[in-house]
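So that the names make sense, note that chain A is the first sequence line, chain B the second, and so on, each numbered from 1.
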Amino acid sequence: MMDMKSVESKWQAKWEKTKLNVFNKKNADKKLYVLEMFSYPSGAKLHVGHWYNYGPTDTYARFKKMQGYEVFQPMGFDAFGLPAENYAIKTGIHPKDSTEKNIETMERQLRNMGAMFDWSAEIKTCEENYYKWTQWLFLQLYKKGLAYRKEALVNWCPSCETVLANEQVVDGKCERCSSVVLRKDMTQWFFKITDYAEELLTDLDTIDWPEKTKLMQKNWIGRSTGCEIHFECETGDTITVFTTRPDTLFGVNYVVLAPEHPLVDKLKAAHPENADAIDAYVRYAAEANDIDRLSTAREKTGVFTGAYAIHPLTGKQVPIYLADYVLYSYGTGAVMAVAAHDERDYAFATKYGLPITQVIQKVGGETILPYCEDGILVNSGEFDGLSGEEARDAIAVHLTKIGKGGKKINYRLRDWSVSRQRYWGAPIPMIHCEKCGVVPVPEKDLPVKLPYDVEFRPTGKSPLASHEGFMNCTCPECGGKAQRDPDTLDTFVCSSWYYLRYADAHNEKQAFSTDVANKMLPVDVYVGGSEHACMHLLYARFITKALRDMGYIDFSEPFKRLVHQGIILGPDGNRMSKSHGNVISPDTYIDEYGSDIFRLYLMFGFSYTEGGPWNDDGIKSIARFIERVERIVRKSQEETNGGRTEKGAAEKELDYVKNHTIKSITRDVEAFSFNTSIARIMEYVNALQKYDAENAEKNVAFYKTCVEDLIRMLAPFAPHFSEELWEICGNKDSVFLEEYPLVNEQALIKDETEYAIQVNSKIKAKILIAQGLSDEEIQAVVCANPEIAAQIEGKSIKKCIVVKNRLVNLIVG
RNA sequence: GCGGUCGUGGCGGAACUGGCAGACGCGCAAGACUAAGGAUCUUGUGGGUAACUCCAUGCAGGUUCAAUUCCUGUCGACCGCACCA
C-alpha cells in the first residue's frame, strides 16, 4: 500500500513547482473567490477546528476548479491581537517574535494540509505592507466623517487593562479573560457604523447567508419604529425620550433618566436638598456590576430628583426620577414612564407610590393593569376612541406640528469603538498638536511604524504612550512639536478589509486597485465560524459599503454566500478546552494516516454545518476505504485490454451507478454536504467491486474508464492520493486539470422502475413498471399484478394516486 | 423572558419540492480464507412475533390517500439577544 506521507509531500512539491494553485489572471472572467476566514496565530499549531474549516472547504474549491472555474483561494494571518500580547506579558517573549514563530509553524502545517491555497497572495496583518493600508483605511473613514473621537463610557477590562467593544463583552465579562468589565470614561475613536444601520439591515435580503446569521444581525441592529418626544424641564433643558408607544402618551406619570444621563448634574444643582440622595443613587448604579444591572429579576430601584418636567400635551407637571432600569446606551437614555401600560414602569410606580393612569382599554374584555397590548384610547383628550395604531400615527403627527417631537426610527446598534490601549496592533495614524488639535498623518507618511522596543506590560496607559521616540513628532500642519495617538486599532479593523487586499496583495501604491477589486470581488463563498455573526461579519459589510460610497469599489456586499462550519467537540461532548482536558490534536492522526485520510474522515463523519463530538472509530474505516480504492485501481491496470466490447446489462448497471453518483455529488458538494457525497462514492466503489467480481469476462476498456472516472470523482476529496492514482494510470498531467465527470442523463434512464404499491396507504408490494406509461396504464399494470389483485378482490377502486417513479396508492373500499 | 435551531437504530449520520424511514459507514453476529487474524472477502443486523403481520423519527393531538417533513400544544438540548422604552 501507498506511503501516504511521501505521496503527499511529493505532490505538494509538484503543485508548488507547476504553480497549480496560483490564480491565473487571464481567466478572471471565470473567477470563483472561495475564502476561509484567515487564521489567528494565537496557538502555535493548527487545531481540529482549522482542519474542519479548511479541509472540506478546499474540497469545495477543488471541485469547482475541476468544474472549470478559475478558483482563487488565498490564505493569511490575522496576526495582531491580545493573545500574543498577553503571552508576551507572561513570558517576556516579544509579540512580534512569538507571532512570527507561530505563523511559521502554522504556515508549514497549512502547506502540509495540501489545500490549494494561493500562497502568492498571502498576507499577514502585522506586517508594515499590510497595516500601512489599514491606517490608510482609517484616514479615509476620517476624511469621510466616519471616524470620530468622543468621550465615552467604555467597557474597561481591569485584567487586560484595555477597552473592549460592546461586542467583546459577554455577560458583563471580558470575552477573552472573563474578568468583570467596569465602566470608565475615556476619549476613544469610533467608526460611525450607525450611519449604515438601515442599509446593513435591508441588504441582508440580497445575500445568500444562513437565515440564522441574518436574523442575528437583524436583532443586533435592532431597528424599532417609534416616536421621539420632548419634555420641557424646569431647568430650561429638554428631556428627549424615545418610545414605541406614543399612543400611551396621556398616561405618562413620570419621566426617568438613566443615572449616567448628562442632565443629572444640572438637576442636582437645582435641587441641592436631594443632592445626597442623587449622588448615592448614581454611585449605587455605577457600583453594581453589569451582570446585576442587566438582570431582569433585579428589583426596580430609583430616586426622585426633586425636579419636574412638563407634559408636552397636557401641560401637567410630571416628576423626574433616576432609575437604573433605564439604560443610557439605548435610545436617548431617558424614558417616559406609563405605569398603567408597561410592566417595568408599573412595578416602579407601585413600589414608590406613584399614580397610575389608564389610557388604553382592552377591546372585548376587562383591562387588567399593567395592560401592555394594543387597545382603544381613553383619558386621552381629542385622541379618545382611536385604536393603538391610529393613535400612534396621530399623536406623532401632532407632536411634529407643535414642535415637541415626531416619528423616529431607533437602532440598538451602537458605533464601533476602535481604540485599544494596547501595543500589538496597528497604530492609529493621528497626531495631537497643541495648536492645530487632532491632525491626520499625511498619507505619504504612512505607515506609522509600530516600534519594537516597547514596554508592553500593562500600566493602564497605552504601552506606546511611554515610548518617546514613537510619541514625539512634528505637526504636519504647523510644523511644531506634537504627539502621536498612543492607541492602536481594534484587530477587527484589520480583518474588516483583508479580503480586498488578497485580490491585490502586492500593490505598493494602493490598498488595492479599484479595477482588480471590482473584478475579483465580492467573495463568492465565505466559510467560517458563526461566532463572528455580529462582529467581523457586520464590520466587513460596513467597511465595504463605506468604501463603495468613497468610490473605491462598486459593490455593496463583501460576501455573496456564507457558510458556517459546525464545531467539533471533544469526545465527551463538551467544547474542546485545556481545562476540560478533552483537546484532540490533529497531529497524531496526520502522522499516522496523513492529510487526505484525516480530511476525508472529517468530511464523512460529521454533518458539515452541525459538527459534533469527536470520535475516531471511523477514521480506520476511511483508511480501509482508501486502500480498497487503491487495490481496485492497481488491479484495473493489470487487466489487458480485451474481453467483451459490447455493453450488456452489467455494464449498463455500472454506468447507471456511476452517473447517479456524479449527479448526487454535483448537487451535494454545492450544498457543502460532504458526508453524503462520500457515501455516494463508496456506493460507486462497491459497484465497481461487484462488477469486477461478478464478471469473469469484463468489458475492460469500459471498466477502465469507470475506474478513471472514480479517480476524478475522488480527487477533490483526497487530492494527493488521487494524483498518485492518476499517475499510476499512466497520466502525465495533474488530475486537477481534468474536468469533473459530467452526468450522462441517458445512462440514468432505466427501462423500468421499481414502484412501491400501496393499498389504502399500506405498502403491499414492490413491482417493476416500464417507463413512459400514463397514470391509467400504470394503474392497469398494478391491478393486473396477482399479489395486488388478491388484495383488492371484491372491492371497488375509489381513487388511484400515482407518484411517477415512486409509488402507487390504491384507495379501495 | 424574547427570538432561533434541533430531537431519527447500540453509535456517527441519510431521506431532493409531503411519497418505500434508517442511505453510507462504525459496531456487532455468522461464515470463507488462514498456523493465526486486530488483514481481506461474503452474509445478516430498528424493535416485537413461530408466522400473517404489527409497532417505531422526543411526547400528545391535527391536516392529508400519504407526515421525519406541514400545523397546534408540550418536554428536552443547544445557540443568540436580554429592563430595548
Under 4.0 Å between a side-chain N/O of [X] and OP1 or OP2 of [N], yes or no?
X        : N     : value
A:Ser607 : B:A14 : yes
A:Asn219 : B:G4  : no
A:Arg631 : B:C41 : yes

Of A:Arg624 and A:Asn760, the one whose closest RNA chain B nucleotide lies more 5': A:Arg624
Under 3.5 Å donor-acceptor, A:His660 side chain and A:Leu748 backbone: no
Side chains of [X] and [Y] only: does a donor on one sit below 3.5 Å from an acceptor on the other?
X        : Y        : answer
A:Thr248 : A:His341 : no
A:Ser621 : A:Tyr601 : no
A:Asn675 : A:Tyr608 : no

Nearest-Å distance once atom P is located in both B:G12 and B:G58: 14 Å
Interatomic distance at P, B:G13 relative to B:A51, whole Å: 34 Å
Sugar-phosphate, base or nothing in reach of A:Gln758, heavy atoms under 4.0 Å: base
Touch class at under 4.0 angstrom, heavy-atom based, for A:Tyr755 against every strand present: nothing
All stems with RNA chain B, defined as three or more consecutive Watson-Crick or G-U pairs under 3.5 Å: B:1-7 with B:75-81, B:10-12 with B:24-26, B:27-32 with B:40-45, B:46-48 with B:53-55, B:58-62 with B:70-74
